[in-house]
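A quick note: this is a predicted structure, and the numbers were derived from the prediction, not measured.
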Amino acid sequence: MIHGNTGRTPINKIPESLKKEVQTVIQTKYYDFNLQHFSELPSKNEGLSIKRETLGSWAHDIHHVMRSKRRRSRVRKYRERMPLPGLILQMNGSLIVSSVMNSLA
């Protein structure tokens, strides 16, 4: 069984000619802009209304924008357990905690 839309182009697909036009504008006129600023300008100056995510993928296609670097995850170091309950509270040194410990003892 084959779906009826197989082989058809979507209705909302942006034409390839517009994509090439925007990519040349990115490389020639707005080469020193970031994507957020560039996404605001074509609607004003060129009369083009294209979403920022689409512009981002097109800019990545022509290697205009570097992908963000992934940060290393922080190593989680667990503290060793204290031998007796309440020792971690005594290390705090605050008056409230020590008075609570005295009332419990």
The criterion is side-chain contact (heavy atoms from CB on, under 4.5 Å); which residues satisfy it with His3, sequence neighbours excluded?
Asn5, Thr6

Side-chain donor-acceptor distances from residues 7-26 under 3.5 Å, at least two apart:
| from | atom 1 | to | atom 2 | distance (Å) |
| --- | --- | --- | --- | --- |
| Lys19 | NZ | Asp61 | OD2 | 3.3 |
| Gln23 | NE2 | Trp58 | O | 3.3 |
| Thr24 | OG1 | Lys20 | O | 3.3 |
| Thr24 | OG1 | Glu21 | O | 2.7 |

Nearest atoms (heavy-atom pairs only) where Leu35 meets Gly56
CD1-CA, 3.5 Å

Quick one: side-chain contact (heavy atoms from CB on, under 4.5 Å) partners of Ser73, sequence neighbours excluded?
none

Can you pull out every side-chain hydrogen bond (donor to acceptor under 3.5 Å, both in side chains) where at least one residue sits in residues 26-35? Sequence neighbours excluded, please.
Lys29-Glu46, Tyr30-Asn45, Tyr30-Glu46, Asn34-His37

Is there any salt bridge (Lys or Arg N to Asp or Glu O under 4.0 Å) pair reaching into residues 50-60, and which pairs are they, with sequence neighbours excluded?
none

